[in-house]
Amino acid sequence: MSTEQSIGQLTQLLQQQFPKAIEGFHDHRGDETILVDRKEILAICQFLKDDERCKMEMMIDLTAVDYINETPRFEVVYHFKSLSLDHRLRLKARVPEDDCHIDSIHALWMAVDWYERECYDMYGITFTHHPNLKRLLMYDEFEGYPLRKDYPVDKQQPRLELREVHERYDYERS
Amino acid sequence: MGIGTQFQDGFMVTKVDSVINWSRKFSLFSYPFVTACCGMEYMAAACSHYDISRFGAEIPRFSPRQADLLFVVGTITHKMAPVLKRIYDQMPDPKWVVAFGACASSGGFYQNYSVVQGIDRIVPVDTYIAGCPPRPEAVLDAIIELQNRIQDHGPTGLTGINPLQEKEAQRLSSVNPQETKEKLLLSRQ
């Protein structure tokens, strides 16, 4: 089975199974990307994991992109790999700013736990039904989401009162 | 022919402060607060190639309660800042702080949502080491500078002022730092 054939099969497979949920796809040198409806993300992931022709045992990565000038604004990006069938797939789902949530896939791959928490921490995207959705990297009292494009690039939120550094020690070398 | 035979029946005159500071500067017990890549360079500096024990600073203490020299080695984030402050507070007086490398000194090339722009915003710093990361020679240079300072000024905390006096002056005028400094300078005279 060549790589290109298996990639083609994956596209066709998802189009057959979820004809209404596929919003777009492309294929770059055998690496395939499928844009799907966020409401179907859990069903599609379930299919990708369980189907004999997909067998995505491994959740490689989850992250998000902030396209601040587009609507819907955010895009959650998933990467999956099948160890037994040796193919991989990139899945994307757009998430609007005013209704900023998507279903958690923690029930399928427990490895996604911290990825979803990091994504929530940095972009403010809520993963519904995640068992422990709280900030992963930033501290709890941090306000806002630092990787959003409208977060000021050098805005800081200190936890301690910062000292005034008005003069640094100066002395002559003996 | 040890040093004991050099003086024979003679004697030396010195000040108690001078002797105490002399002994302090050659028995620095460092606490390495290592958070980033500068740590590798700290390890190089602390190993036998550079023989840091020439300066009496070769024994790292992994409890702040047994240390008098705090090496802050690497990037300090706002998340980490309360930990650093607590470690500093746990060290017994007299104590000194070295900012090791660009990140600890000024935030380095990070100016974003997470990184403290220099650890002197959290704790008073005695010596800054430039470099990203610094060469071990720069570390030894900083230790020598710190030793000179200890010899000259004794147990200093901030801008050559005794930390206990500093605390007292801060209590007296917690509002105006300039006023604090003037009071401290007066109290030293």
Side-chain angles (χ1 to χ4, degrees), chain A residues 62-68 73-76 97 100 113-126 132-174, chain B residues 25 76-86 88-89 96-99 105-107 110-128 141 144-153 156-161 166 170 174-182 184-185:
Chain A
L62 183 153
T63 186
V65 186
D66 181 4
Y67 294 105
I68 189 167
R73 178 172 165 181
F74 299 103
E75 188 174 75
V76 182
E97 185 179 5
C100 202
D113 187 344
W114 282 18
Y115 291 88
E116 288 183 346
R117 280 177 62 188
E118 184 196 25
C119 196
Y120 164 73
D121 193 358
M122 293 289 143
Y123 293 95
I125 297 169
T126 306
N132 184 28
L133 193 69
K134 59 183 186 186
R135 286 190 183 276
L136 177 68
L137 296 169
M138 303 310 293
Y139 30 99
D140 288 339
E141 59 266 39
F142 192 88
E143 289 175 7
Y145 304 101
L147 289 195
R148 285 191 176 188
K149 294 294 181 198
D150 51 6
Y151 188 90
V153 71
D154 54 356
K155 183 185 172 190
Q156 304 197 338
Q157 302 183 29
R159 302 172 78 188
L160 298 173
E161 192 181 343
L162 295 179
R163 298 175 67 246
E164 281 293 321
V165 185
H166 45 88
E167 188 181 324
R168 287 181 172 163
Y169 184 74
D170 186 27
Y171 67 99
E172 293 174 7
R173 268 191 203 219
S174 54
Chain B
K25 77 174 183 179
I76 299 297
T77 59
H78 284 296
K79 191 175 183 181
M80 181 65 90
V83 181
L84 175 63
K85 175 75 173 140
R86 185 167 180 176
Y88 177 80
D89 288 343
W96 298 274
V97 180
V98 171
S105 300
S106 68
Y110 301 106
Q111 188 174 11
N112 56 16
Y113 59 93
S114 61
V115 176
V116 179
Q117 302 298 297
I119 59 157
D120 48 12
R121 307 301 302 276
I122 310 293
V123 295
V125 175
D126 295 276
T127 308
Y128 302 81
D141 192 42
I144 293 169
E145 290 203 5
L146 187 67
Q147 286 183 330
N148 291 339
R149 183 172 164 194
I150 294 169
Q151 181 71 69
D152 295 345
H153 298 282
T156 54
L158 170 68
T159 61
I161 291 163
E166 184 196 352
Q170 278 175 353
S174 56
V175 186
N176 187 343
Q178 190 59 37
E179 193 186 345
T180 310
K181 186 163 176 263
E182 283 162 7
L184 285 170
L185 291 174

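Every value quoted in this text rests on a predicted model; they were computed, and no experiment measured them. Chain A is the first sequence line, chain B the second, and so forth, proteins listed ahead of strands; every chain is numbered from 1.
- For the residue pair A:Tyr145 and A:Asp66, no side-chain donor N or O sits within less than 3.5 Å of a side-chain acceptor on the partner.
- With a 4.5 Å cut-off on non-hydrogen atoms, A:Leu137 touches chain B through its backbone but not through its side chain.
- Judged by distance alone, with hydrogens and angles left aside, the side-chain atoms of A:Glu116 form no donor-acceptor pair with the main-chain N or O of A:Ile125 at under 3.5 Å.
- Residues B:Lys85 and A:Arg159 fail the side-chain proximity criterion, which asks for heavy atoms closer than 4.5 Å.
- For the pair A:Arg135 and A:Phe142, the cation-pi test (distance below 6.0 Å, angle within 45°) is failed.
- Of all the listed residues (B:Thr77, B:Asn112, B:Val115), the one sharing the greatest number of non-hydrogen pairs under 4.5 Å with chain A is B:Asn112.
- At a 4.5 Å heavy-atom cutoff, the contact between B:Lys79 and chain A is made by backbone and side-chain atoms alike.
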